[in-house]
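Beneath this line is the structure, given in structure tokens, with notes to follow.
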Amino acid sequence: QSLLAKHPYVLADGAMGTMLMAAGLEHGESPERWNVERPDRIAAVHQAYVDAGSQIVLSNTFGGNPFRLKLHGLSSRVAELNRAGAEIVRRVADGAGRPVVAAGSIGPSGELMEPLGTLTFEAARDGFAEQAAALEAGGVDVLWVETMSDLQEVRAAVEGAQQATSLPVVATMTFDTRG
């Protein structure tokens, strides 16, 4: 809130995945695993965005929900990987020498919700709640629900975040020419 009171605009960071691919992340590899295996590379991306003027920096946890991590055999490590990602972005934000918001990124599940798919609202809410709790434990200032196209999934993520944490929540949606 203090950033909004002092500035007519607030600048957020850019694409984490693109930057990690440039840093050596292989296609199909879990970016969230790098939070524990290559934290220096994650911190370097955050630092580059801070150095470029970003006032909001998002954790490397976009695919950190249990549904996406399951694709990499990592669904049992939701808390560990999200907390680590939050701790990295927190350290970079704290070392910026100016106000920088550490945001906890929560991306889509990658699954279709009922009735089009098999993911129930309750399961989605609980999965996002698990992720949100770990992000809060890692020290983020705000939860950033992003790049979802299903309003029910956004609702599940926001409800899960509110159920598990006391953090403010930002929610964004995305749509393409196919709907």
Side-chain angles (χ1 to χ4, degrees), residues 10-96 98-111 124 127-148 153-154 157-158 160-161 164-165 167-174:
V10 179
L11 183 64
D13 65 5
M16 174 61 80
T18 302
M19 297 295 283
L20 293 180
M21 296 291 264
L25 181 73
E26 297 291 329
H27 182 71
E29 188 178 358
S30 168
E32 292 75 22
R33 186 190 304 256
W34 274 28
N35 291 336
V36 295
E37 293 180 359
R38 300 192 185 279
D40 55 325
R41 293 190 187 180
I42 303 302
V45 172
H46 293 318
Q47 189 63 55
Y49 281 123
V50 168
D51 292 347
S54 294
Q55 297 158 293
I56 302 171
V57 183
L58 279 68
S59 61
N60 178 42
T61 55
F62 180 81
N65 61 65
F67 317 104
R68 296 289 277 227
L69 289 175
K70 177 177 64 179
L71 300 174
H72 302 284
L74 300 170
S75 58
S76 65
R77 296 178 67 185
V78 171
E80 173 197 6
L81 297 174
N82 280 278
R83 184 177 182 137
E87 289 170 348
I88 295 166
V89 77
R90 173 83 274 148
R91 277 193 306 275
V92 172
D94 287 348
R98 61 181 167 78
V100 172
V101 173
S105 174
I106 298 176
S109 67
E111 297 189 15
F128 290 125
E130 180 182 9
Q131 182 180 16
L135 290 167
E136 182 178 49
V140 299
D141 301 307
V142 61
L143 297 172
W144 202 275
V145 175
E146 59 174 322
T147 321
M148 294 186 184
E153 186 172 31
V154 171
V158 170
T165 77
L167 294 172
V169 179
V170 171
T172 69
M173 297 186 74
T174 188

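A quick note: this is a predicted structure, and the numbers were derived from the prediction, not measured. Residues: numbered from 1 along the sequence shown. Just the heavy atoms: all of them, side chains too, but no hydrogens, waters or symmetry mates, feed the values below.
Checked by atom type and distance alone, the side chain of N65 pairs as donor or acceptor with a backbone atom of P108 at under 3.5 Å. Judged by distance alone, the side chain of E146 and the main-chain N or O of T172 form no donor-acceptor pair under 3.5 Å. Of the possible donor and acceptor atoms, none in the side chain of R41 sits under 3.5 Å from a partner among the backbone N and O of W34. Side-chain atoms of N35 come within 3.5 Å of backbone N or O of L81 as a donor-acceptor pair. The backbone N or O of W144 sits nowhere less than 3.5 Å from a side-chain atom of S105 that would complete a donor-acceptor pair. A donor-acceptor distance shorter than 3.5 angstrom exists from the side chain of Y49 to the backbone of A15, with no hydrogens or angles considered. In this structure, the side chain of Q131 engages the main chain of T61 through a donor-acceptor pair within 3.5 Å.
Atom CG of D141 and atom CG of L135 lie 11.5 Å apart (nearest 0.5 Å). To the nearest 0.5 Å, atoms CZ (F128) and CE (M148) are separated by 3.5 Å. Residue R33 holds its CZ atom at 10.0 Å from CD of E80, rounded to the nearest 0.5 Å. Expressed to the nearest 0.5 Å, how far NE2 of H72 lies from CD of E32 amounts to 6.5 Å. Here the CG atom belonging to D94 is positioned 11.5 Å from the CD atom belonging to E87, to the nearest 0.5 angstrom. Rounding to the nearest 0.5 Å gives a distance of 5.5 Å between OG of S30 and CG of L69.
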Original post:
Please walk me through it: do V92 and V57 pass side-chain contact (heavy atoms from CB on, under 4.5 Å)?
Top reply: CA-CA 9 Å; V92 172; V57 183; 5.7 Å; no
Note to self: Is there a side-chain contact (heavy atoms from CB on, under 4.5 Å) between Q47 and D51? Walk through the geometry before answering.
What the structure shows: CA-CA 6 Å; Q47 189 63 55; D51 292 347; 2.8 Å; yes
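By the 4.5 Å heavy-atom criterion applied to side chains, V45 and M16 are counted as neighbours. Inter-residue side-chain proximity for V142 and V101 is flagged as met; some heavy-atom pair is nearer than 4.5 Å. Here the side chains of T18 and M21 are not in contact, with every heavy-atom distance at 4.5 Å or above.
The heavy-atom pair separating A132 from T165 by the smallest distance is O-CG2, 3.5 Å. The shortest non-hydrogen separation linking P31 to L20 is CB-CD1, 3.9 Å. The two residues R90 and A102 come nearest to each other via the heavy atoms NH1-CB, 3.7 Å. When all heavy atoms of V158 and A171 are compared, the pair lying nearest together is CG2-CB, 4.2 Å. Taking every heavy atom of both residues into account, A134 and N82 meet most closely at CB-CB, 3.7 Å. The two residues Q55 and V10 have their closest heavy-atom pair at OE1-CA, 3.3 Å.
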